[in-house]
Amino acid sequence: MGASADEIDRQIKDTRDRMDENLEVLEKRATSNGVRYGKLVAIALGAAAVGGVGLLVYRRLRKPTLKDRLRGMSIDSLRELAEELTSRLKSLPSVTLTVNERPEDEPGILENIMRRVAPAVVGTASTALLHRITRPAAAEGEPATASD
């Protein structure tokens with residue numbers, strides 16, 4: 001007929017013992033995997049923190065280049081800066097300082113030429129520089145024209 005009650009109880013007990021053993025093995029694996037993944041996450045967070053701090057220190061210590069500073073400026077701010085500088089230069093008093101004056105010495109021909117030519121050269125160079133800085137960049141693949 002069927003199995004006796006003692007035999008069924010023994011099979012149930014064996015099955016429970018095997019299940020308990022399997023559960024213990026699974027619990028050990030879960031804890032060891034949890035510790036392993038916890039360590040990996042801690043290492044990743046530490047590396048990210050070190051990288052972030054390194055980036056902040058790098059950005060703080062690195063001086064921005066002229067190109068970086070000019071990129072942040074707009075045409076209006078450059079015009080305002082030029083107007084401010086012009087107004088400041090106009091308000092400066094004219095001062096002549098003479099040390100050990102020698103009236104018999106007159107400026108030479110070369111010095112006279114430089115005094116007349118230098119303002120024109122500086123003005124032309126500064127205009128060209130401002131034009132170069134304020135013009136829009138040519139799109140990639142387009143050749144720069146002479147009017148740029």
With sequence neighbours excluded, tell me which residues meet side-chain contact (heavy atoms from CB on, under 4.5 Å) with Asn33.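 Testing Asn33 for side-chain contact (heavy atoms from CB on, under 4.5 Å), a comparison that skips the adjacent residues, returns Arg36, Tyr37.
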
Should Glu111 and Arg115 be marked as a salt bridge (charged side-chain N to carboxylate O under 4.0 Å, His left out) after you check the CA-CA gap, both sets of side-chain angles, and the distance that decides it? CA-CA 6 Å; Glu111 188 175 346; Arg115 285 183 179 177; 2.7 Å; yes

If you round to the nearest 0.5 Å, how far is [atom2] of [Y] from [atom1] of [X]?
{"X": "Leu40", "Y": "Leu45", "atom1": "CG", "atom2": "CG", "result": "11.0 Å"}
{"X": "Lys13", "Y": "Asp17", "atom1": "NZ", "atom2": "CG", "result": "6.5 Å"}
{"X": "Leu26", "Y": "Glu21", "atom1": "CG", "atom2": "CD", "result": "12.0 Å"}

Are [Y] and [X] connected into the same hydrophobic cluster when the rule is that any two of I, L, V, M, F, W, Y join if their side-chain heavy atoms are below 4.5 Å apart?
{"X": "Met19", "Y": "Val25", "result": "no"}
{"X": "Leu129", "Y": "Leu81", "result": "yes"}
{"X": "Leu66", "Y": "Leu130", "result": "no"}
{"X": "Ile109", "Y": "Val117", "result": "yes"}
{"X": "Val121", "Y": "Ile113", "result": "yes"}

Please say whether more than 12 non-hydrogen atoms of neighbouring residues, nucleotides or ligands are located less than 6.0 Å from CZ in Arg62.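 More than 12 heavy atoms, drawn from other residues, nucleotides or ligands, come within 6.0 Å of this atom.
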
Over 12 non-hydrogen atoms of neighbours within 6.0 angstrom of CG in Leu55: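 Yes.
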
Given the rule in the side chain to side chain contact (heavy atoms under 4.5 Å, CB included) test, do Arg79 and Asp76 qualify, once you have shown the distances and angles that lead to the verdict? CA-CA 5 Å; Arg79 286 185 184 138; Asp76 294 332; 3.9 Å; yes

Suppose we screen for salt bridge (charged side-chain N to carboxylate O under 4.0 Å, His left out). Which residues come up paired with Glu84, at least two apart in sequence or across chains?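 For Glu84 the salt bridge (charged side-chain N to carboxylate O under 4.0 Å, His left out) partners, ignoring immediate neighbours, are Arg88.
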
